[in-house]
J.: 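Just dropping this structure here.
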Amino acid sequence: MKAMIVPGLVALMALGPASTVHAEGISTTVFTCSIGKKMVSVTRADGRLTYHYGTGNKDEMSIVGIPSSGNVFQMTQRFAGMEYQLRFRNGEYSYIVYDSEGNGRVGAAATSGLVIMQGTKQISDRSCSRFAEFAVSLDSLGIPEDTDAYSAM
């Protein structure tokens, strides 16, 4: 019996900080970064994406995005380099996490962060303390494509 428990614990430990076990299943971290003293992250579990904003210990805001509900969108576009983003809609506000590869040939640095919009008007753009990128391909998530009106760039 002990031989079966130890490999199970090793398998859970191998998931590392990118995964968390919840009652409903395993939650995988799709994106995470520090913005000042706050954290912004997106996790995926059971076909849902959840936007988290707050301190490392407590969410101040979370939005559960379900592709069929029309409150989560993805966009892939080229700016100086490839740019990827996820937008979570909560009423008239949108919360967009993004990463942009940059392009050394044109002097554009890689960047990532959080853009907040009210309607189609950008009201905040905060960069991650260190560059962060999506841990999965956004195309693999089955999320509807967003419109250019909500571009983080």
Side-chain angles (χ1 to χ4, degrees), residues 7-90 93-117 122 124-153:
L9 289 173
V10 170
L12 281 175
M13 291 170 56
L15 294 173
S19 299
T20 307
V21 178
H22 295 283
E24 65 274 1
I26 295 177
S27 176
T28 304
T29 300
V30 173
F31 181 88
T32 187
C33 81
S34 297
I35 298 176
K37 294 181 180 182
K38 303 292 182 171
M39 295 287 297
V40 62
S41 66
V42 176
T43 56
R44 179 174 104 180
D46 302 324
R48 298 177 176 162
L49 291 170
T50 304
Y51 165 89
H52 305 271
Y53 180 83
T55 63
N57 299 326
K58 182 179 178 200
D59 281 351
E60 293 175 20
M61 173 186 282
S62 63
I63 303 168
V64 176
I66 303 168
S68 62
S69 73
N71 72 333
V72 62
F73 304 89
Q74 61 91 15
M75 183 185 296
T76 302
Q77 60 186 356
R78 182 170 293 282
F79 187 61
M82 290 305 294
E83 189 249 330
Y84 307 94
Q85 70 177 49
L86 282 174
R87 176 171 68 96
F88 292 83
R89 189 176 68 203
N90 185 18
Y93 292 91
S94 290
Y95 302 86
I96 302 170
V97 292
Y98 68 90
D99 80 53
S100 179
E101 296 175 342
N103 185 329
R105 287 181 264 162
V106 297
T111 185
S112 54
L114 170 65
V115 167
I116 302 172
M117 299 178 88
Q122 190 177 93
S124 177
D125 185 357
R126 308 260 334 259
S127 295
C128 296
S129 301
R130 286 191 284 180
F131 178 71
E133 59 188 323
F134 288 97
V136 298
S137 165
L138 298 185
D139 293 334
S140 70
L141 299 176
I143 299 170
E145 182 76 22
D146 211 346
T147 67
D148 290 339
Y150 295 100
S151 174
M153 298 310 287

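The model shown is predicted, which means the values in this text are computed figures rather than measured ones. As a basis for the values below, the full set of heavy atoms in this structure was taken, side chains included, without hydrogen atoms, waters or symmetry mates.
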J.: Does D99 use its side chain to pair, donor to acceptor, with the backbone of F134 at less than 3.5 Å?
T.: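 Checking the backbone N and O of F134 against the side chain of D99, a donor-acceptor pair under 3.5 Å is found.
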J.: Might you point out which heavy atoms bring A110 and E101 nearest each other, and give the distance in Å?
T.: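 That would be CB-O, 3.2 Å.
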J.: Measure the spacing between OH of Y51 and CG of L86 and express it to the nearest 0.5 Å.
T.: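 Taking OH in Y51 and CG in L86, the distance rounds to 11.5 Å.
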J.: Does the side chain of M61 reach to within under 4.5 Å of the side chain of Y95, using non-hydrogen atoms?
T.: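 Side chain of M61 against side chain of Y95, heavy atoms only: contact under 4.5 Å found.
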J.: Hey, what do you get for OG (S127) to CD1 (I35), rounding to the nearest 0.5 Å?
T.: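 Rounded to the nearest 0.5 Å, the OG-CD1 separation comes out at 8.0 Å.
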J.: Between the side chains of Q85 and Q74, is a donor N or O closer than 3.5 angstrom to an acceptor N or O?
T.: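 Short answer, no.
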J.: Quick check: do E60 and K38 have side-chain heavy atoms less than 4.5 Å from each other?
T.: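 A side-chain contact exists here, since the closest heavy-atom pair is under 4.5 Å.
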J.: Would you mind reporting whether V72 and R48 have side-chain heavy atoms less than 4.5 Å apart?
T.: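 No, side chains not in contact.
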J.: Any idea which heavy atoms bring G47 and P67 closest together, and the distance?
T.: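 Smallest heavy-atom distance, with atoms named: O-CD, 3.7 Å.
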J.: Would you mind reporting whether F88 and N71 have side-chain heavy atoms less than 4.5 Å apart?
T.: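 No. Closest side-chain heavy atoms not under 4.5 Å.
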J.: So which atom in M39 and which in T55 form the shortest heavy-atom distance, rounded to 0.1 Å?
T.: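 Taking every non-hydrogen atom into account, CG-C, 4.5 Å.
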J.: For S112 and F31, work out which heavy atoms get closest and say how close.
T.: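 Looking at all heavy atoms of both residues, the closest pair is CB-CZ, 4.4 Å.
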J.: Main chain of Q77, side chain of E83: is a donor-acceptor contact present, judged purely on distance under 3.5 Å?
T.: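 Judged by distance alone, no pair lies under 3.5 Å.
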J.: For the atom pair CD (Q122) and CD1 (I116), what is the distance rounded to the nearest 0.5 Å?
T.: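 Here the rounded value is 9.5 Å.
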J.: Is the shortest heavy-atom distance from the side chain of D148 to the side chain of M75 under 4.5 Å?
T.: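 They are in contact (side-chain heavy atoms under 4.5 Å apart), so the answer is yes.
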J.: Roughly how far, to the nearest 0.5 Å, is the OG1 atom of T28 from the CZ atom of R44?
T.: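 Rounded to the nearest 0.5 Å, the CZ-OG1 separation comes to 6.0 Å.
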J.: Would you indicate whether the side-chain heavy atoms of L141 and V136 approach each other to under 4.5 Å?
T.: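 Yes. Closest side-chain heavy atoms under 4.5 Å.
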J.: Return the CG to OG distance between L49 and S27, rounded to the nearest 0.5 Å.
T.: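 The CG atom of L49 sits 9.5 Å away from the OG atom of S27.
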J.: Side chains of T111 and Y98: does their closest heavy-atom pair fall under 4.5 Å?
T.: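 Side-chain contact under 4.5 Å: yes.
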J.: Test your reading of the model: is there a side-chain donor-acceptor pair from S129 to the backbone of S34, 3.5 Å cut-off?
T.: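 Judged by distance alone, yes, a pair lies under 3.5 Å.
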J.: Quick one: CD1 on I96 to OG on S151, what's the gap to the nearest 0.5 Å?
T.: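 So the CD1 of I96 and the OG of S151 are separated by 7.5 Å.
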